[in-house]
Amino acid sequence: MTARQTVMLLVVVLLLLCLPDPLQSFQPLFTSDGSSSTHRQITQMAALRKTAEVCRDIAASEGRDFSLTIDDSLSADKVQRACSSTATSTSVLSTVMFQTSIATMYLSNAMVDVVFALSEDHHFDDEKFEGGRDVITAGVSAVKKSVKLENFVTGRWTLGRVCHTLQDFYSHSNWVELGNSVPYSVLIKPDQPVENLAGKCSHGGTFDQTSKWDPIGGINKDTVGSSHGSLHHKAADVAVNATMELLEDIRVAVGDKNFLRLMGLSQSPVLCFVIDTTGSMSVDIAEAKRVVSEIIDSKRGTEQEPSAYILVPFNDPGFGPLLVTTNADVFNNRISKLYASGGGDRPELCLSGLQLALTAAPSASDIFVFTDAPAKDAHLKSTIMALIESTKSVVTFMLTGVRASRRRRRSAQGVIPRAMSQSDAQLYRDLAQASGGQAIEVTKSNLFATTSVIENSSCSPGVTVFQVVKNPGTPDNFNFAVDDSLRNITIYITGGSSLTFNLTSSTGESQNSSQSSGPLASFTTAGNLRRLSINTNNQTGLWQISINSNNAYSVKVTGQSSVNIFYSLVEAHEGAHGDFSLKGGRPFSGGNASILVSVTGSDTINVTEVSLFDSSVPTEVKGSIQSVGSGNYLVTFSGVPAGDFVLILKGQDINSPSSSTSRTIQRQASTQIKTTSISVTTQVNNTNIEPGSIVSVPFTVATTTNGVVNDSATGTFTVQANNDRSYSSTSPSNVTIEAGSGGKANGTITLTVPASAASGTDVTLTIEAQNAAATDINYAVLRFSVTAKVTDVTRPVCQIVSKSANCSSSSSLCGSSQWEFIANFTDGINGTGIESITVRQGNGTLNTSTVAGAGGENITVVNYNASCCSPNVELTAVDGEGNVGTCVGQARESTTAAPVTTAAVNTTSTGVDTTSTGVDTTSTGVDTTSTGVDTTSTGVDTTSTGVDTTSTGVDTTSTGVDTTSTGGHALGISHFVWITAVVSVFWK
């Protein structure tokens, strides 16, 4: 090798050594040092603070008090109570939906370090400022489109990933080192240029060899022990504020109501019905209508009103359409139009309809299925199982017409009546058991006596204290703890007519099944369901129910309490952080399992035991508990055997004034946790897909032994792939693990997205692999968001036309005078058009009209009139892409510009009272230093919007850029070209 070639090789080595350090960012979920901030904590704090701000602003606009201090001490319980218009410090309140929604965001956030570990753009590595900003802005656009179509679950998953990339900027760049204490707002504004930022090469960390050269160290601030760990907390604080700024942008674009729904802030669950509409279902449909009307009429306008309504009709050969709405009248009108017809053959597409409901409903929803027919699409059973386990929704089947015997009887005319056999009904029983629901079997004439289950489930906050299924049935005694937070305790028992029971309270008092109304409870029987309503709320302690039956039966103890639990399966991953991330599919038989368990509704619960219990053996596996803060616990189970488990948590309320027995808290998760010896993994680089595209999803199937992939195993697995939108797809029918393949088999699923698919549509793909003996199965569930390529990145522009005021300087006389503000909003000739204009601050009347501009663009003329007592106004305009523009006016200023164009059409008028909304205009005001907007023509008053033009790091007298740097090599393009040229000369 010549000397010149040696130089070239040296340059290449230098460039390779400057490649990004994998998995270097804020810790995803947990921290071992106890003092560093993680992506989980940053995301959670930003969500809590922004949600509290929105609730504060709404309360102010409605003239209500809002006493919560918005700071770093916020908890989900504090925010939910403050946001409730009726809740007190002692009210029974559920925060499960709120906390699971935030958990979805931070778990999705953590997955970026696994799925996109080597993507420079997703971590702002290697000076990828433009690429990182593109990831953020494209993701924010996808979130807005998902919310627009009310696909909030998908919106949360996308939002979590976006937040990760945004937060990494402040850990990986020297933005904080430059003295900046406010966010770099350009990262969420695609119409503003990202300057050519460049700087120090070294990121720092174990894998960054350049950090050992002069200058020694790196700039990462991932933890307090990092190279620049002294700035870790400052970087984390700016990351929180940056995340709040991003959330504010989404809030303005989608509106306060939809923003709170995106955050999952709701006291009540959804009301979700899946209804068979074939000819024999007229009685069932009528009962569903009655229940819906009763729930709507009794809960409308209260905090117990369902947060959303979901309806999926099905028959054969069709199912759907899916209806998801927050409007009770729309739901009531749609369900009132259902009628029974058709259904020549018995089986119907029940599971196809249930699949739509499971993917549309929020996690942990209650879903009710009405049918009297077997499932024609029984092949979807494993898909439904996978969706139940991944969403943790509870499915209850209202089954009418199940035959008591296995024999099918014919009528006098020789016709087999429409009824389900025991084997047909068993499919529904299996799904109900897996979800923690019930299969209620009743005659049509007695259906009305069982629908109280639906009414009870709509009463938030519902909790499960204990649940068990015995099949085959054996006589047994079951204990459960009643704590003093429980109200309205109800026990549901399903089983044959010969079943008997005995209930014993904590004081030793008892009541048996021959007493329909006794000292402990009153109970009713309809079909196979017995419903016991406990009479007293003050007999805390250990209760027992004894069941005497040799046939299959189930027992479920529920109540209302603020204290509840939810969980997520997580798994450790290798890398610089050695942290955990969300685990897809089932835990492995014989291996270790890690579960993140969250306790809601109280910060005084001391968790003493978390166990996995399989009642069929029975088997109990107790976990090792580690508190990770804010009511979250990382629980590790060693050597979990094969089985179908439920998670049970026990603890003590350390602040309970009662005796030690009444302080015992017992809660049970509804969804079963099944183990498997099959591993199914997928490799997906992007979950945002375009209409008309074909998506390839590579997957890998392997066999595990004691929780570890068996690299010498062989075998053939049946593969099934299904999606809830019925998009065209291809899939191998099976894959085979060959000898010498390392114990793995690969395959590819393709999914074709219709060109007509609307932006914001979500599609859930389920991939299942089953062993040759059909005794074991595992799955992967992927959720995609259909998003058309963004072509409009420009925010609506405001031009102030005039401000006229005749206001007295005396505040006592302001009520006798008015002022007027006129402005033009436009989205340009190539924009997506202005969809809405709202008053963010001010108490006046807004009129809008549309005119054509000289260049053919649409101009929205706004005319705002208000009393001089409300001298300020802030308007926001949102275009079809979700870009947000603002306009600010003050009564005490007077300017006159071009006259208003005439020929106005589509005039609207809105009276708005937002005087006391307390809107923080800092995050919505136009940054005139970075956009070059002439504030004279736009009417943006940077003084009133609170924009700090000195803190953006922009020097308007020169190139305006303080150089910043991220980890990875910092060779700017000019440096690279220079080195290439010099080396080329040497080489020649």
Side-chain angles (χ1 to χ4, degrees), residues 104 107-108 110-117 153-154 157-158 160-161 355 358-359 363 379-393 434 568-573 580-589 591 593-595 671-689 695-704 707-709 715-725 727 729-737 743-751 762-771 774 776-785:
T104 297
L107 289 170
S108 172
M111 282 299 293
V112 174
D113 270 344
V114 178
V115 178
F116 303 103
V153 177
T154 300
W157 282 109
T158 306
R161 293 193 297 270
Q355 181 183 16
L358 282 166
T359 56
S363 297
H379 64 277
L380 290 177
K381 179 181 179 180
S382 58
T383 299
I384 299 301
M385 284 283 195
L387 293 174
I388 284 172
E389 292 175 24
S390 62
T391 64
K392 300 178 180 63
S393 287
S568 300
L569 291 170
V570 295
E571 61 183 345
H573 59 74
F580 288 78
S581 63
L582 187 67
K583 174 177 174 52
R586 295 172 171 173
F588 298 132
S589 303
S594 298
I595 302 179
T671 311
Q672 281 190 335
I673 300 174
K674 301 174 183 287
T675 60
T676 181
S677 293
I678 302 173
S679 168
V680 180
T681 56
T682 60
Q683 300 83 44
V684 178
N685 293 327
N686 192 2
T687 54
N688 292 334
I689 54 181
V695 183
S696 294
V697 182
F699 67 93
T700 301
V701 177
T703 298
T704 65
V708 179
V709 172
T716 298
F717 298 84
T718 302
V719 175
Q720 181 174 269
N722 291 287
N723 71 86
D724 62 334
R725 297 290 179 183
Y727 289 172
S729 66
T730 63
S731 167
S733 58
N734 58 71
V735 293
T736 301
I737 302 176
K744 299 179 180 180
N746 299 316
T748 300
I749 309 290
T750 66
L751 183 67
D762 62 348
V763 54
T764 301
L765 174 66
T766 307
I767 304 171
E768 303 134 42
Q770 186 177 49
N771 64 359
D776 196 6
I777 193 170
N778 201 3
Y779 59 85
V781 176
L782 302 172
R783 191 181 288 266
F784 296 92
S785 176

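- Closest non-hydrogen pair, T766 versus A386, comes out as CG2-CB, 3.8 Å.
- We find the CE-NE2 distance between M111 and H573 to be 8.5 Å, quoted to the nearest 0.5 Å.
- Here the shortest heavy-atom pairing between P732 and V719 reads O-CB, 3.4 Å.
- Residues satisfying the ring pair (Phe, Tyr, Trp, His ring centres under 6.0 Å) test with F116, not counting sequence neighbours, are H122.
- Other residues, nucleotides and ligands contribute only 12 or fewer heavy atoms inside 6.0 Å of the NZ atom of K744.
- A donor-acceptor contact under 3.5 angstrom links the side chains of D776 and T676, judged on distance only.
- Going from atom OG of S108 over to atom CZ of R783 covers 11.5 Å, rounded to the nearest 0.5 Å.
- Here the CD1-OG1 distance, from I737 to T703, works out to 4.0 Å after rounding to the nearest 0.5 Å.
- Heavy atoms only, all atoms of each residue included: I749 and A721 are closest at CD1-CB, 3.8 Å.
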Test log, rule side-chain contact (heavy atoms from CB on, under 4.5 Å), inputs L751 and V697: CA-CA 8 Å; L751 183 67; V697 182; 5.7 Å; no
Derivation and outcome, side-chain contact (heavy atoms from CB on, under 4.5 Å), residues N734 and F717: CA-CA 5 Å; N734 58 71; F717 298 84; over 6 Å; no
From CA spacing to verdict: side-chain contact (heavy atoms from CB on, under 4.5 Å), S679, F588: CA-CA 8 Å; S679 168; F588 298 132; 3.7 Å; yes
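- Judged by distance alone, with hydrogens and angles left aside, the side-chain atoms of N778 form a donor-acceptor pair with the main-chain N or O of I678 at under 3.5 Å.
- The side chain to side chain donor-acceptor pair (under 3.5 Å) search around T764 returns none, not counting sequence neighbours.
- Contacts of K674 classified as salt bridge (Lys or Arg N to Asp or Glu O under 4.0 Å), with partners at least two apart in sequence or in another chain: D644.
- For S589, the side chain to side chain donor-acceptor pair (under 3.5 Å) test picks out T675, with sequence neighbours left out.
- Counting only heavy atoms from C-beta outward, the side chains of V153 and T104 never approach each other to under 4.5 Å.
- A heavy-atom distance below 4.5 Å is found between the side chains of R161 and T687.
- Residues Y727 and L765 fail the side-chain proximity criterion, which asks for heavy atoms closer than 4.5 Å.
- In terms of modelled atom types and a separation under 3.5 Å, the side chain of Q720 and the main chain of H379 share a donor-acceptor contact.
- Using a 4.5 Å cut-off on side-chain heavy atoms (C-beta onward), D113 and S581 make no contact.
- Checked against salt bridge (Lys or Arg N to Asp or Glu O under 4.0 Å), R586 has the following partners two or more places apart in sequence or in another chain: E389.
- Considering every non-hydrogen atom in both S785 and T154, the closest pair reads CB-CG2, 3.6 Å.
- Between N746 and P698 the shortest side-chain heavy-atom distance does not fall below 4.5 Å.
- Looking at Y779 and T383, their side chains never come closer than 4.5 Å, going by heavy atoms from C-beta outward.
- Contact annotation: the side chain of K381 never approaches that of I777 to less than 4.5 Å [non-hydrogen atoms, C-beta and beyond].
- For the atom pair S382 OG and N722 CG, the distance stands at 7.5 Å (nearest 0.5 Å).
- D724 and T359 share a side-chain donor-acceptor pair at under 3.5 Å.
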Chi angles and distances behind the side-chain contact (heavy atoms from CB on, under 4.5 Å) call for V115, V684: CA-CA 7 Å; V115 178; V684 178; 5.6 Å; no
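- Looking at F784 and N723, their side chains never come closer than 4.5 Å, going by heavy atoms from C-beta outward.
- Closest non-hydrogen pair, Q683 versus T700, comes out as NE2-OG1, 3.6 Å.
- For Q355, the side chain to side chain donor-acceptor pair (under 3.5 Å) criterion is met by no residue, not counting sequence neighbours.
- Heavy atoms only, all atoms of each residue included: T391 and L358 are closest at CG2-O, 3.7 Å.
- With values rounded to the nearest 0.5 angstrom, W157 atom CH2 is found 11.0 Å from L782 atom CG.
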